[in-house]
There are 2 protein chains.
Amino acid sequence: MAKKSKRELAALGSATQDVSLTLADVAKRAGVSPITASRALNRPELVNEATRKRVLETVQTLGYVPNLLAGGLASSKSRLVAILLPTINHSLFSTAVQAMMDRLTEAGYQSLLGSTGYSAKKEEILLEAILGRRPDGVVLTGTLHTESSRRRLASAGIPVVEAWDLGDSALDMQIGFSHEQVGQHIAQHFFAKGYRDFAVITADDPRGLRRTNSLVSQLKQLGITHTLVETLPLPATWQVGREGLRRLLKRNSRPQLVICSSDILALGVLAEAASMNLHIPDDLAVLGFGNITESEFAYPALSTVSVNAPEMGRQIAEALLGRFADKTCNLKLRVDTGFTLLERFST
Amino acid sequence: MAKKSKRELAALGSATQDVSLTLADVAKRAGVSPITASRALNRPELVNEATRKRVLETVQTLGYVPNLLAGGLASSKSRLVAILLPTINHSLFSTAVQAMMDRLTEAGYQSLLGSTGYSAKKEEILLEAILGRRPDGVVLTGTLHTESSRRRLASAGIPVVEAWDLGDSALDMQIGFSHEQVGQHIAQHFFAKGYRDFAVITADDPRGLRRTNSLVSQLKQLGITHTLVETLPLPATWQVGREGLRRLLKRNSRPQLVICSSDILALGVLAEAASMNLHIPDDLAVLGFGNITESEFAYPALSTVSVNAPEMGRQIAEALLGRFADKTCNLKLRVDTGFTLLERFST
DNA sequence: AGCTTGACTGATAGCGCTATCAATATAAGA
DNA sequence: TCTTATATTGATAGCGCTATCAGTCAAGCT
């Protein structure tokens, strides 16, 4: 009762905003039925020009903000895309995510970010909470920890994009690149340039490990039988990179080239090398991965592998939007966004 | 019809997950009324132990995921907290946000991240979309571009935390520190240490500018009448930091100490200095701001101002949770989380 | 005139959940 | 014995929106 009267007050007065204004209030004031008001906002092509204008003006003057919870419930379209990241902080993915969000926001979708962190238990809870919002789509960037999480996602019946990879067991759409190819390419490229003594510093993450394995086995094929590999626990930070180089140098020989599983590690290596007065690339060459924005402006500028993150982000957004518009489109989509080896001044 | 039968199928079969399972399905199977099932999940203290257990088991076996859109609509509690950031990428705020999200997630809230970017227009649209989700609370980290955005937020009738600052015109709760004090403290500290020749590289952001103004005027009071200030456009990146130092050195004298408005700029300055073969801190001392994780492991380790971001994040979360539990609590909350000048090896 | 078509608008009935009040049973107190 | 309190469960009625189907009206055609 009290509520109702408050509302009517707001509708009658010249309030420019209100908390609990409903579409019905707008409709009443514009002299149309609620459903027409709804259409004026969501399917303007179905409404007469003059009517639509009147409704939109009323929306403006009242400061009405549609309740998307209600809209989502009624239409079973939440206009929400869930993005799962390993961590929100220092993410290799942030550039891709930014581009993706920009495009999605433009198209009227919002992004629900979830950081899966490092605990499988937390991930399960997160996934449940996110699925509870009935997102229209899900983007997976990191890997999921448990198989049950993957199954749960698969059976949620919503479009899923697995980004940053092109694995075998696709849940749905895949947009990324081949980590094996990256490893192989690095090996071939630097072998051809004359490097013979390689070392790897990698974080203990499945994809970094795959790149590493592919690199090592390609080197073997080229006749380089022994490659030092330092595997360090997540998360990848500068500190870990520095520690990695220290450990590497404690071992026998000093490698010509250190290949890092991420730019973040590589920047740590650069810092550690500087602290040791090692000259880069003469004393030690360093390669990163991911081409985060810092890399280009490090000193020396970091050589790295670019995976064209903004483009990937855009493609992910488009793939989802396509599927939203037409449920049968992009069904087995698999896009290889490739990669580029960027030689700057650290190799 | 078809829908109904599909549902019943799922409820009868031993399916472990289903898309459109409702609470009513769970209730039927557990032999209770829907409302009891609802309570078993959300207000367990109101339900008999045995009943609750039965319901929860049923939820498990069916793989039911509550529809939070419906729940939110019915209870007008969305369990959603909106966090507005200037940008999701390379954010000074990411550590605070991470801590905040962790706590909120733990308490059953989800975070809707919005990047306000650099366009006021985009910000308006974003705000409208976010308010449409009826978040239970909003956290503002950057500043909002337009006054109308602020008003809109204020009149949304939900708890708002303004983080990272303690301004005069609080919308609601404030948790942060005084940028003026930071500037003043830096001036006093380094003056006392004997520095006399200062320069500032700052991004064109309101708070950095406030720190700078306070610094400069404090220096004036100490008898240092002229301080070079380079103001560069957002976003703050390494590139901008490098550019800043270059510009600074093109001017007359070389300062003893360069004070940067963010660690990111400072790391850029470090890189530029390295490229010029300047020795830090002897040739040039550098101070950052924010204490991002990289700073500690840069070479040389970056002196900076820590604002205790994780603690701030936690406090923000607690403030909101307190308010959610009791609408009258924390009403004019204003927490000064302070700051610490961390001298490492760049000063 | 009668029919069809297209453009527009509205009435109705939910979406899946919870607030609210009511009902029941049992235990405790007078 | 009859209240009164406590614990537990259920019936009802929405939350604010949209899908769906059903008009209404004017224009165009036979």
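Predicted, not measured: the structure shown is a model, and the values here were computed from it.
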Separation of atom [atom1] in [X] from atom [atom2] in [N], rounded to whole Å:
X: B:R79; N: C:dC17; atom1: CZ; atom2: P; value: 15 Å
X: B:N67; N: D:dC15; atom1: CG; atom2: P; value: 18 Å
X: B:L69; N: D:dG14; atom1: CG; atom2: P; value: 22 Å
X: B:L73; N: C:dT18; atom1: CG; atom2: P; value: 11 Å
X: B:K77; N: C:dT20; atom1: NZ; atom2: P; value: 10 Å
X: B:L41; N: C:dA19; atom1: CG; atom2: P; value: 13 Å
X: B:R39; N: D:dG10; atom1: CZ; atom2: P; value: 8 Å
X: A:L21; N: D:dC17; atom1: CG; atom2: C1'; value: 14 Å

Exercise for the section: Between B:R43 and A:I35, name the one whose nearest nucleotide on DNA chain C is closer to the 5' end. Expected result: A:I35
Exercise for the section: Please determine, for the side chain of A:Y64, which listed nucleotide (C:dG10, C:dG16, D:dC17) has the closest atom? Expected result: D:dC17
Problem - Which nucleotide in C:dC17, D:dT9, C:dC8 has an atom nearest any side-chain atom of B:N48 - result: D:dT9
Handout entry: B:A70 or B:T51, whichever maps to the more 5' nucleotide of DNA chain D
Key = B:T51
Completion exercise
Distance col, row B:R52:CZ vs B:R43:CZ, nearest 0.5 angstrom, shows 13.5 Å
Practice task
Check whether any side-chain heavy atom of A:K77 sits under 4.5 Å from a side-chain heavy atom of A:D136, and report yes or no.
Solution key: yes
For [N], take OP1 and OP2 only and decide whether either is under 4.0 Å from a side-chain N or O of [X].
X: A:N42; N: D:dT18; value: yes
X: A:S33; N: C:dT9; value: no
X: B:T36; N: D:dG10; value: yes
X: A:S76; N: C:dC15; value: no

Practice task
Measure up the A:W164 and A:F93 rings against each other and bin them: parallel (under 30°), tilted (30 to 60°), perpendicular (over 60°).
Solution key: perpendicular
Exercise for the section: Verify whether one side chain among A:T337 and A:Q315 offers a donor that lies under 3.5 Å from an acceptor in the other. Expected result: no
Handout entry: Sugar-phosphate only, base, or nothing, as touched by B:L46 at under 4.0 Å among non-hydrogen atoms
Key = base
Practice task
Of all the heavy-atom pairs spanning A:L56 and A:A40, show the shortest one and how long it is.
Solution key: CD2-O, 4.3 Å
